[in-house]
Chemist: 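Starting off with a structure, shown below.
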Protein chains: 2
Amino acid sequence: MNDFVKPINTVDPVIFTLHDNKLKILLILRDKEPFIGKYTLPGGWVHANEGQDLTIEDTVKRVLKEKTGVDAPYFEQLNTFGSHNRDPRGWSISIVYISLIPWHSLDENLFKDNAKWVDIESLNQYELGFDHNSIIDFALQRIRNKVNYSILPVYFLPEKFTQTDLQKVYELVLGTKLDKSAFRKKIATLNFLEDTGERDFNVSFRPPLLFKVKETALQCFRSNFI
Amino acid sequence: MNDFVKPINTVDPVIFTLHDNKLKILLILRDKEPFIGKYTLPGGWVHANEGQDLTIEDTVKRVLKEKTGVDAPYFEQLNTFGSHNRDPRGWSISIVYISLIPWHSLDENLFKDNAKWVDIESLNQYELGFDHNSIIDFALQRIRNKVNYSILPVYFLPEKFTQTDLQKVYELVLGTKLDKSAFRKKIATLNFLEDTGERDFNVSFRPPLLFKVKETALQCFRSNFI
DNA sequence: TTAATAGTGTCTATCAGACAGTATTTC
DNA sequence: GAAATACTGTCTGATAGACACTATTAA
């Protein structure tokens with residue numbers, strides 16, 4: 001039909017989680033060329049053959065499940081990178097997503113030796129394959145910026161959580177401390193929290209209220225990419 | 001090397017201009033299948049052969065020049081759309097950009113009969129090929145949102161312009177009226193205007209000051225996509 | 001002087017940050 | 001009651017919108 005060189009197409013998610021009070025990203029040790037022996041983002045090819053991926057979102061969901069073992073509660077498109085020399089095999093186009101997965105939903109035993117969750121402070125010790133260092137910088141900018149006006153960080157938390165939990169997650173993502181009163185006023189205006197009426201009694205002080213995200217807020221947010 | 005079906009890759013810019021006090025988009029009448037006889041966004045294939053496009057931005061620049069005859073002063077990536085059925089020829093991936101071009105820089109005579117600048121209010125009268133109607137909706141959201149916190153609309157104006165010109169451009173993009181005092185205070189805080197010391201004397205009232213965009217502001221802004 | 005727009009000043013409502021105060025629980 | 005954190009109230013400075021005021025030019 002059209003008879004010229006087609007670029008390679010991959011989908012490469014930057015998968016974030018929170019663990020040990022650190023923001024971490026999943027990296028994979030490559031076992032084949034190019035960049036054998038280097039870490040890279042977990043990626044996958046678009047399966048365009050009949051009866052396989054129907055949309056690019058199908059590809060992302062499949063890759064996320066293959067690499068983490070779970071269905072990611074959230075992902076969104078970040079940017080598409082393409083050039084003749086970002087992959088030594090030739091012209092390549094990488095459609096990059098960011099995804100957030102709560103650590104507690106992951107099964108650590110499922111991860112093989114070639115998979116590694118690296119906290120973002122330690123990333124400068126890694127020389128990643130392809131242009132993945134700069135892609136991760138881009139992803140960090142996006143997630144930190146988006147935290148300021150969205151409910152993104154709830155995707156790191158379990159179903160029920162306290163406002164203090166929520167504030168800590170925001171602080172870990174941003175890397176800065178926040179004022180409690182101002183934070184709660186802002187969360188209140190965003191109007192996405194629902195009081196469960198329950199409290200967390202596993203504390204030796206006044207038990208905090210447990211909240212969850214309103215069903216409408218989640219659906220509204222998810223519809224960004226469906 | 002890798003032996004499976006590769007998707008079709010195209011780059012499809014949504015090219016905006018301002019003309020006759022209307023925000024308009026460039027559409028092309030297709031003269032071949034699929035969607036022959038329908039209007040679509042102007043698009044192009046990535047030329048991945050040796051010595052052609054080196055990066056995806058090269059592809060965009062080339063397509064923009066081919067379709068408008070000029071070098072676009074601004075473009076940025078919008079989103080990438082991919083699925084098995086958005087193009088009847090099979091799995092396809094479209095990397096979509098938005099671009100802003102000032103009307104006065106265009107040469108109307110260069111446009112052939114198959115090219116048409118359509119104002120966005122009239123778009124609902126067109127049933128476009130592919131998924132281009134929904135792509136344009138996406139692009140409109142982006143440009144209207146970005147106007148609120150950026151200098152984007154200056155790319156519709158000539159080098160020197162008045163603050164009233166600038167406000168009118170913002171109003172046309174947003175589709176709403178703005179308060180003069182509030183607008184000027186906001187522009188002042190963004191700190192990207194430089195007083196040329198000149199005035200526009202082609203008026204029958206107090207001649208307004210002419211401003212231009214600070215070189216530093218332009219470079220800073222442009223570096224978003226370089 | 002009039003007409004028209006340029007350009008500025010003021011008032012108000014809103015909101016985020018700083019910080020202090022009150023409330024509630026366990027031990 | 002002490003300790004600890006939950007949760008709320010108040011002050012302040014910054015800002016957007018509404019609106020009116022002064023300035024400047026051509027005719």
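All values below come from the heavy atoms of this structure, side chains included, with hydrogens, waters and symmetry mates left out. Chain letters run A, B, ... following the sequence lines, proteins first, then strands; residues in each count from 1.
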Chemist: Going 5' to 3' along DNA chain D, between which two nucleotides do contacts with chain B fall, using a heavy-atom cut-off of 4.0 Å?
Modeler: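 From 5' to 3', the first and last contacting nucleotides are D/dG17 to D/dA26.
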
Chemist: Quick one: ring pair (Phe, Tyr, Trp, His ring centres under 6.0 Å) pairs with a partner in residues 194-214 of chain A, sequence neighbours left out?
Modeler: none

Chemist: Does the B/Thr59 side chain pair with the main chain of B/Asp53, one donor and one acceptor, at a distance under 3.5 Å?
Modeler: no

Chemist: My understanding is that only residues two or more places apart in sequence, or in another chain, count here; which of them pass salt bridge (charged side-chain N to carboxylate O under 4.0 Å, His left out) with B/Lys177?
Modeler: B/Glu171

Chemist: Indicate whether the side chain of B/Asp119 and that of B/Ser122 have a donor and an acceptor atom separated by less than 3.5 Å.
Modeler: yes

Chemist: Report for the helix from C/dT1-D/dA27 to C/dC27-D/dG1: angle between first-end and last-end helix axes, five pairs each, rounded to 10 degrees.
Modeler: 10°

Chemist: Would you mind listing every ring pair (Phe, Tyr, Trp, His ring centres under 6.0 Å) that reaches into residues 158-198 of chain B, with sequence neighbours excluded?
Modeler: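 Only B/Tyr170-B/Phe183 qualify under ring pair (Phe, Tyr, Trp, His ring centres under 6.0 Å).
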
Chemist: Strictly below 4.0 Å, heavy-atom distances to any atom of DNA chain C: list the hits from residues 179-189 of chain B, or just say none.
Modeler: B/Lys180, B/Ser181, B/Arg184, B/Lys185

Chemist: Taking only residues two or more places apart in sequence or in another chain, which ones pass salt bridge (charged side-chain N to carboxylate O under 4.0 Å, His left out) with A/Lys180?
Modeler: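 Residues passing salt bridge (charged side-chain N to carboxylate O under 4.0 Å, His left out) with A/Lys180: none at all.
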
Chemist: Verify whether one side chain among B/Arg86 and B/Ser92 offers a donor that lies under 3.5 Å from an acceptor in the other.
Modeler: yes

Chemist: Please name all residues satisfying side-chain hydrogen bond (donor to acceptor under 3.5 Å, both in side chains) with B/Thr196, sequence neighbours left out, ordered by chain then number.
Modeler: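 Partners of B/Thr196 under the side-chain hydrogen bond (donor to acceptor under 3.5 Å, both in side chains) test: none.
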
Chemist: With sequence neighbours excluded, tell me which residues meet salt bridge (charged side-chain N to carboxylate O under 4.0 Å, His left out) with A/Lys38.
Modeler: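 A/Lys38: salt bridge (charged side-chain N to carboxylate O under 4.0 Å, His left out) contacts with A/Glu127.
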
Chemist: Are the aromatic ring centres of B/Phe138 and B/Phe81 under 6.0 angstrom apart?
Modeler: yes

Chemist: Please list, in numerical order, the residues of residues 190-209 of chain A that have a heavy atom closer than 4.0 Å to any atom of DNA chain C.
Modeler: A/Val203, A/Ser204, A/Phe205, A/Arg206, A/Pro207

Chemist: Taking only residues two or more places apart in sequence, or in another chain, which ones meet A/Arg199 in a salt bridge (charged side-chain N to carboxylate O under 4.0 Å, His left out)?
Modeler: none

Chemist: What pairs of residues pass the salt bridge (Lys or Arg N to Asp or Glu O under 4.0 Å) test when at least one of them lies in residues 66-75 of chain B, not counting sequence neighbours?
Modeler: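 The answer is B/Arg62-B/Glu66, B/Lys65-B/Asp71.
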
